[in-house]
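Notes for the one structure printed next.
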Amino acid sequence: MITETITSSLKKALEDLGVSHLPSEINLEQPANKDHGDWSSNIALATAKNAGWSPRDLASEIAELINSDLPNGVENVTIAGPGFINFALSPQWLHDVLQTVLDQGTEEFGKVDVGQGRKVNVEFVSANPTGPLHAGHARGACYGDSIASILDAVGYEVEREFYVNDRGLQMGLFAESLLAFQSGKDVPEGGYGGAYVEAWSHEMPNNLSVHEALDWGCQYAMEDQRRTLEMIGIVFDTWFSERSMVESGAIEQTMKDLSEKEASYSQNGATWLRSTDYGDDKDRVLVKSDGEFTYLTPDVTYHREKFSRADWLINVWGADHHGYIARMKAAMESLGHDPEQLTVAITQLVKLVRSGEEVRLSKRQGDIIELREIVEEIGPDATRFMYLLQSVDTKQTFDLDLAASKVMDNPVFYVQMAHARIRSIQSKAEAMSMWPVEGLDIDLSLLEHERELEVLKNLFNFPDVVQLSARELAPHKIAVWLRELATSVHGFYHDCYVVGDTVPPELSAARLQLVEAARIGLVSGLDLLGVSAPDSM
RNA sequence: GCCCUCGUAGCUCAGUAGGAUAGAGCGACCGCCUCCUAAGCGGUAGGUCACAGGUUCGAUUCCUGUCGAGGGCGCCA
């Protein structure tokens with residue numbers, strides 16, 4: 001690859017000049033400014049001081065050495081600014097990129113093997129089975145599914161998991177609320193009064209015990225949530241039941257083990273986790289003085305169970321749960337697990353805006369905005385793309401009008417449109433028997449238009465973007481890259497006619513190759529976000 | 001009081017394992033269709049990267065502090 005050629009030429013020049021103390025890796029970057037060449041190195045700036053040179057002199061010597069024996073594909077080397085070394089390349093390297101993309105196709109392009117088959121468990125959504133999924137669940141749902149896809153692409157063995165809180169106080173209240181609605185009584189204190197509870201209660205068979213109503217309600221809610229998630233293409237491998245850990249005795253076992261490791265103690269009639277031993281602010285109650293578990297205890301058991309199935313655990317939690325991280329890590333550490341192998345990704349809140357006004361999510365009134373409503377309003381693709389467009393570290397303002405609009409302002413349509421245009425070109429070429437191209441000699445060196453090279457540069461970046469988004473668990477980097485690729489595709493489309501009377505057949509053939517590579521790029525990126533690539537808009 | 005995530009163009013947001021003149025979309029203004037989707041392309045205007053120190057050849061990026069926004073600090077989940 002060309003970048004390796006450049007770095008080895010830099011290394012050789014540095015050796016020839018007697019510069020030691022090289023950094024472990026020589027980094028190259030693509031300068032924003034085209035006057036600075038195709039690739040740039042700051043190695044002279046980084047090493048000059050130790051070597052006793054001025055950065056600019058060192059850069060100048062390096063450039064002279066490389067210029068005297070230019071590596072294949074490099075046209076010239078110049079220095080600029082405080083001591084940057086800039087490489088101008090012939091377009092050949094981009095034609096190589098094109099060929100690689102075509103050879104790899106959508107199955108391979110952008111995939112690498114940094115995970116090496118290690119098992120990662122991504123737990124997300126995990127909403128209580130006491131009602132439909134609402135807007136607040138959506139960001140974590142889209143995010144969790146996308147990072148799972150990205151980790152899969154970089155070689156991890158991924159399990160998507162939903163933790164079902166099918167026992168405990170909330171479930172009891174939910175069951176009683178269903179029964180109350182069914183028999184026309186008042187909802188119990190702290191119960192669920194939403195309109196959906198009343199609607200569901202009419203579906204429920206009569207004369208159920210509280211226990212039976214709980215089972216029924218849990219199943220009904222899970223089924224409702226599963227269908228909603230399916231609407232946006234999210235399918236879980238595992239739905240893990242909290243209750244199953246009571247029945248199997250796993251929770252009791254965990255209590256016993258914590259006690260044996262002296263990670264827990266009794267005080268004031270309750271059992272406490274000694275979480276301050278591992279950096280938590282205060283110790284936490286595991287078993288209340290009334291004998292009931294707190295929510296923490298099954299959850300600790302659950303995480304421990306997950307560790308028996310995976311090498312790396314990722315939890316996607318909302319910002320309101322961040323205070324919970326320390327105690328969970330402390331619990332895992334006291335049970336002998338490495339807290340570094342538990343990653344908690346926090347998603348900040350989303351503010352929904354419609355007609356320029358914030359959509360209030362008032363759960364107390366029961367008038368929650370259901371995720372289903374959003375998907376029905378704007379469609380699954382817009383739902384996923386809009387949620388993933390932005391870093392989950394920042395509060396998001398989600399404009400429902402924009403997401404629903406079928407105009408260029410809408411990023412998802414902009415990207416999908418690029419794909420639709422490509423398919424349009426391909427079907428036209430197909431009708432003229434120019435595509436697919438078979439067995440012909442295709443001269444990719446005909447591709448030297450600025451717009452063509454721009455598309456190829458973006459394609460070149462994709463594997464790095466995938467790795468970076470995996471390392472940082474940041475799907476928005478994929479979304480941003482897709483917008484850039486789409487921009488270059490629209491520019492190419494505008495300035496470079498592919499199939500037509502005015503285009504020489506050899507150029508058409510070469511451009512059709514580029515079009516196919518761009519298609520592979522768009523499909524590959526969209527796939528990681530769970531967004532479709534339609535043939536027409 | 002302590003902890004977490006933020007503060008970048010009028011708006012919505014990228015960018016930062018330290019790099020050259022800080023980017024995109026929208027909105028505003030000005031151009032571009034006999035031909036593959038004008039659902040597009042190009043250009044102009046718009047910034048003390050919240051503020052103040054520090055480290056560095058170089059800081060929007062790293063460190064400290066201040067201010068501002070949201071979230072968290074339960075024998076609730």
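What's counted below: heavy atoms across the whole structure, side chains too, no hydrogens, waters or symmetry copies. A, B, ... follow the sequence lines: proteins, then strands. Residue 1 opens every chain.
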* Under-3.5 Å donor-acceptor pair between A/N33 side chain and B/U21 base ->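 Per atom types, the contact qualifies.
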
* To do: Establish whether the base of B/A20 is bridged to the side chain of A/D35 by a donor-acceptor pair shorter than 3.5 Å.
  =>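 By the distance-only test, no, there is no pair.
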
Nearest-Å distance once atom [atom1] is located in both [N] and [M]:
N: B/G70; M: B/G27; atom1: C1'; answer: 27 Å
N: B/A22; M: B/U64; atom1: P; answer: 27 Å
N: B/A45; M: B/G54; atom1: P; answer: 35 Å
N: B/C26; M: B/A20; atom1: C1'; answer: 29 Å
N: B/G23; M: B/C4; atom1: P; answer: 32 Å
N: B/C11; M: B/C3; atom1: C1'; answer: 32 Å
N: B/A52; M: B/G68; atom1: C1'; answer: 15 Å
N: B/U44; M: B/A24; atom1: P; answer: 10 Å

* Provide the Watson-Crick or G-U wobble partner of B/U55, both distances under 3.5 Å; none if there is no partner. =>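 When the pairing criteria are applied, nothing turns out to pair with B/U55, so the answer is none.
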
* To do: Both distances under 3.5 Å, Watson-Crick or G-U wobble: report the partner of B/A24, or none.
  =>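 In the structure as shown, B/A24 has B/U12 as its Watson-Crick or wobble partner.
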
Do we see [X] stacking on the base of [N], given a limit of 5.5 Å between centres and 30° between planes?
X: A/F84; N: B/A20; answer: yes
X: A/H322; N: B/G72; answer: no
X: A/Y295; N: B/C76; answer: no
X: A/Y493; N: B/C41; answer: no

* To do: Indicate the ring-plane relationship of A/F162 and A/W239, choosing parallel, tilted or perpendicular according to the 30° and 60° boundaries.
  =>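 Answer is parallel, since the angle falls under 30°.
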
* Anything under 30° is parallel, anything over 60° is perpendicular, the rest tilted; go ahead and classify A/Y324 against A/H321. =>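 Geometry flag for A/H321 against A/Y324: perpendicular rings.
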
Short side-chain N/O contact to [N] OP1/OP2 from [X], under 4.0 Å:
X: A/S40; N: B/A20; result: no
X: A/Y163; N: B/A77; result: no
X: A/K282; N: B/G74; result: yes
X: A/R483; N: B/G15; result: no

* Flag side-chain contact, heavy atom, 4.5 Å: A/I79 against A/N86 ->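 No, side chains not in contact.
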
* Exercise: do A/S433 and A/E430 side chains pair donor with acceptor under 3.5 Å ->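 No - no donor-acceptor pair under 3.5 Å links their side chains.
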
* A/N268 near the nucleic acid: base, sugar-phosphate alone, or nothing, with a heavy-atom cut-off under 4.0 Å? ->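 Touches a base.
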
* To do: Assign A/S289 to base, sugar-phosphate, or nothing according to its heavy-atom contacts below 4.0 angstrom with the strands shown.
  =>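 It contacts base atoms.
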
Report all side-chain donor-acceptor pairs from residues 383-390 of chain A shorter than 3.5 Å, counting only partners two or more places apart or in another chain.
from   : atom 1 : to     : atom 2 : distance (Å)
A/T383 : OG1    : A/G379 : O      : 2.6
A/R384 : NE     : A/L529 : O      : 3.0
A/R384 : NH1    : A/D145 : OD2    : 3.2
A/R384 : NH1    : A/I232 : O      : 2.7
A/R384 : NH2    : A/D145 : OD2    : 2.7
A/R384 : NH2    : A/L529 : O      : 3.3
A/Q390 : NE2    : A/T394 : OG1    : 3.1
A/Q390 : NE2    : A/K395 : O      : 3.1

* Minimum-distance nucleotide (side-chain atoms of A/Q170 versus B/A20, B/A77, B/C36) ->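 Between B/A20, B/A77, B/C36, the one nearest the side chain of A/Q170 would be B/A77.
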
